[in-house]
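What follows is a single structure, written as C-alpha cells, with notes after it.
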Amino acid sequence: MKLKSEINQHIQEAFVKAGIEAEPMSVTEAGKPEFGDYQFNGAMALAKVLGKNPRQIATEIVEKIDADGMISRTEIAGPGFINLWIDSVWMGEKLQEMLHDGRLSILPKAQGVKTVVDYSSPNMAKQMHVGHLRSTIIGDTLARLFTFLGDEVIRQNHIGDWGTQFGMLIAYLETSGEDAYSSLGDLEQFYKDAKVKFDSDPVFADMAREYVVKLQGGDAHCRTLWQQFIDVSLGHCEEAYRTLDVTLTRKDVRAESSYNEMLTAVVEDLRSGTILQESDGAQCVFMEGSDVPLIIQKRDGGFLYATTDLAAIRYRTEVLGAKRISYVVDARQAGHFKQVFDAARRAGFVGEDVWLEHVSFGMMLDKSGRPFKTRDGGTVKLIDLLDEAVSRAKAMIEDRGTQEAAEVEKVARIVGIGAVKYAELSVNRESNYIFDWDKMLSFEGNTSLYLQYAYARIQSIFRKYGEKIDGDILLGDPLEARLGMMLLRFEDALNAAARESMPHYITSYLYELTTLFMKFYEQNPILKEGIPAELRESRLQLASLTARTIRKGLDMLGIQVLDRL
RNA sequence: GCACUCGUAGCUCAGCUGGAUAGAGCACCCGCCUUCUAAGCGGGCGGUCUCAGGUUCGAAUCCUGACGGGUGUACCA
C-alpha cells in the first residue's frame, strides 16, 4: 500500500480545512520510535511564510487531521514537529489484506509507462567480464521492478557488433580453420591470438582492413562469417545470462549494426534542423557552454557511436513509442549521454513527454583503489567470477552439512549467484566500489544469504505447524508493531527505487525488515508451549507476510529463495 | 587547464525532497544453543560527517572556496 501518500493526503486535507495555502509537503518516516511512525516537519517552514508561531501552525494542522481510524495519536514536539502514530488495529487490517492479496496490496499502475531499459550491452568481440556485471544486474532489476509496478517494459540489449575490430576477427576466423564454432570456444583467447597476428603479420593486417571494408559493404561471405561470430559470441553471453538468472533473451537484442540504415537519415535530419555544424571537416553538434562537440560524422564520412545512439533513441521513441528510456551505462559515459540527450531533444527526436535517464554507475576498483584487473593485468572474466561464487558457496554448504547431497549443487548456485547479485545491488550504484572476493561472497550482514536464511527459518515454522492460520493480526508488542509498520512500507520502498532507479533502496528495505523480524522472532516465540492461540495465529500471519515480502523483494532483484538452508 | 563526480567509525557502506542524541555490517571484546535452523540474537568499543566560510529557527544534506581521490575532455566504442 502507498502508506506515505495516504498520510500526506490526510495532512493536505487538514491544510485545506485549516485554511493554510501552501505547496504540498511530505511526511517522513520517523527517525526514532519515540517520535512515532511518521513525522511532519512542515510547520517550521510555514512559520515564516505565514508569519505565525510554528507550534501554533502545528496545532491548527493537528486539530484538522481526520484520518479515519488510521492515525491513533498525534503529538507536537520541540519547535513544531508533528509526530504521528499509526493505529495498530488499522495496521492489522491492512496487513491482513496484504496477506490475502497475491500482489501484497500493490496495484499495478492504472497508466503504465512504456519504458525502454537499455542494459548489459556486451561487446561481441570479447568475452563478458566483471565490468558488464553491474549494467546487466542493475538493468535487469529495473526491468523486473518497472514491470511489477505496471509499466510496459521493453528490454534492449544494445550489443556491440560493429566496428573495425570485426574485420580482424573475421580475417582470423577465415585463416584459422574450417570450424568456426569450435575455434571460437574461447573468445578471449581468440581475440588475443588475432591481435597478435594483426600486430606481427603485415599481410594479415592488410587482409583484416580489407575485410572491414568488405563487411561494411555487405559482402555475402564476410557477412556469413561475421554472423557466425556473433552467434557464438552471443551464445556465450546467454550462458552468462542463464547462470545469472537474467531475463534477457535473444529477442531483446537490438544490435548496433541494426541501426546502420538509419544513420544517413539521422545526419540529414540534424542538418536540416540546422543543429549540425562543420568543424575541422567533421559534422558536429555543439552544446551551449561546452566547446567539445558531439561528433556525428567523421571527416572521412564515417559514422560514430554518437550517430548510432541518436538512431537508437529515435527508434525507441518513434517506433517503440517509449516515454521513459533508462540507459544503464557506467558513469564515464555521463558526458556523452548528456550531449546525446541534448542533441536528440533539439533535433526533435524526443518530445517533452519523454524521460531520458542515464542510470549511471561507478567503477569497480581493487583494494588499492585502482581499476579492477587480474594479477597479470587482464580483465576478470564474468564466468570465472560466477564459478568462484558458486564453488565458495558449495564449500560452505558442505561444511555446514544440512543439505541433501543431491541438493547441494542447486542450493550453491542459488546462494552463490544471489550473493554476487546482491553485493552489486546493495551499494548505491553511483559510487565507485571496491571489489573484494571476500566481501562479495560474504554471507554476513546485509547480504542475500541473511535474507534467504530468514526466509528458510520462517518456512521451517510452517512445516512444523502445518495447519491453517486464522484470526486477527494483533500488534501489541512494540517490536510487533514496528514489524507490522515495516511490512506496510514495502510499496513505498519499491516506488522510491523505481522513481530514482536505485535498486539499493530495495535491499536496504529488505535488510531492515529482516533485521526487525529476526529480533521479533528471538523475543516472541510462536509455536512454543503456552503461547495463547490468538497470539500464535497473529504471529504466524506476521511471519508469513514477512516471508512473502522477502521473497517478492528478492524476486525484484532476480534472486531466488530456498525453503531449507 | 576546463568540466563532472566523490570525500561519513580502523575497513566496506547507509543516511529518502535540510529537521530533534549521525546508522549498519566487518574487525575487536563480552554474553546467549536440553526450547520455532547460532549462516542467528543481545551488549560493549569506535565519528570535530576532509577543511574554511555562507544561507537557515535548524546543515552530513543546500551555496561558495580550499585540499585530496576518481572520471571525462574532437573524429575508438
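Note that the coordinates shown come from a computational prediction; the quantities given were computed from them, not determined experimentally.
- Backbone-only contact: A/N432 has heavy atoms under 4.0 Å from sugar-phosphate atoms and none from a base.
- Of the candidates B/rA74, B/rA77, B/rU21, the closest approach to any side-chain atom of A/I295 belongs to B/rA74.
- Picking from B/rC41, B/rG19, B/rC75 the nucleotide with the shortest atom distance to the side chain of A/L304 gives B/rC75.
- Side-chain proximity of A/R457 to the nucleotides B/rA74, B/rG40, B/rG15 is greatest for B/rG40.
- Comparing atom distances between the A/T28 side chain and each of B/rU17, B/rG40, B/rC13 picks out B/rU17 as nearest.
- Separation of the A/Y450 and A/F443 ring centroids does not fall under the 6.0 Å cut-off.
- Taking a pair to require two hydrogen-bonding distances under 3.5 Å in either a Watson-Crick or a G-U wobble arrangement, B/rC41 pairs with B/rG31.
- Listed nucleotides B/rU37, B/rC36, B/rG19 differ in distance to A/R463; the shortest reach to its side chain belongs to B/rU37.
- Across B/rU48 and B/rA22, the matching P atoms stand 12 Å from one another, rounded to whole Å.
- Contact annotation: side chain of A/S508 to base of B/rA24, donor-acceptor pair absent below 3.5 Å.
- In the set B/rA77, B/rC57, B/rA38, B/rA77 carries the atom at the smallest distance from any side-chain atom of A/Q333.
- When Watson-Crick and G-U wobble pairs are counted only if both distances are under 3.5 Å, B/rG18 pairs with no nucleotide at all.
- The shortest distance between the side-chain N/O atoms of A/H504 and the OP1/OP2 oxygens of B/rC16 is not below 4.0 Å.
- Phosphate proximity of B/rC11 to A/K439: absent, as no side-chain N or O sits under 4.0 Å from OP1 or OP2.
- With B/rA14, B/rC75, B/rA74 as the choices, the nucleotide that has an atom nearest any side-chain atom of A/V427 turns out to be B/rA14.
- For A/S26, taking side-chain heavy atoms from C-beta onward, the closest of the listed nucleotides B/rC75, B/rG40, B/rU17 is B/rU17.
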| message | What verdict does the ring-ring contact (aromatic ring centres under 6.0 Å, His included) test give for A/H358 and A/F341, after you've listed the backbone C-alpha separation in whole Å, the side-chain angles of each residue and the deciding distance to 0.1 Å? | response | CA-CA 9 Å; A/H358 176 204; A/F341 292 170; 7.3 Å; no
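- The phosphate of B/rA77 (OP1 or OP2) has no side-chain N or O of A/K126 nearer than 4.0 angstrom.
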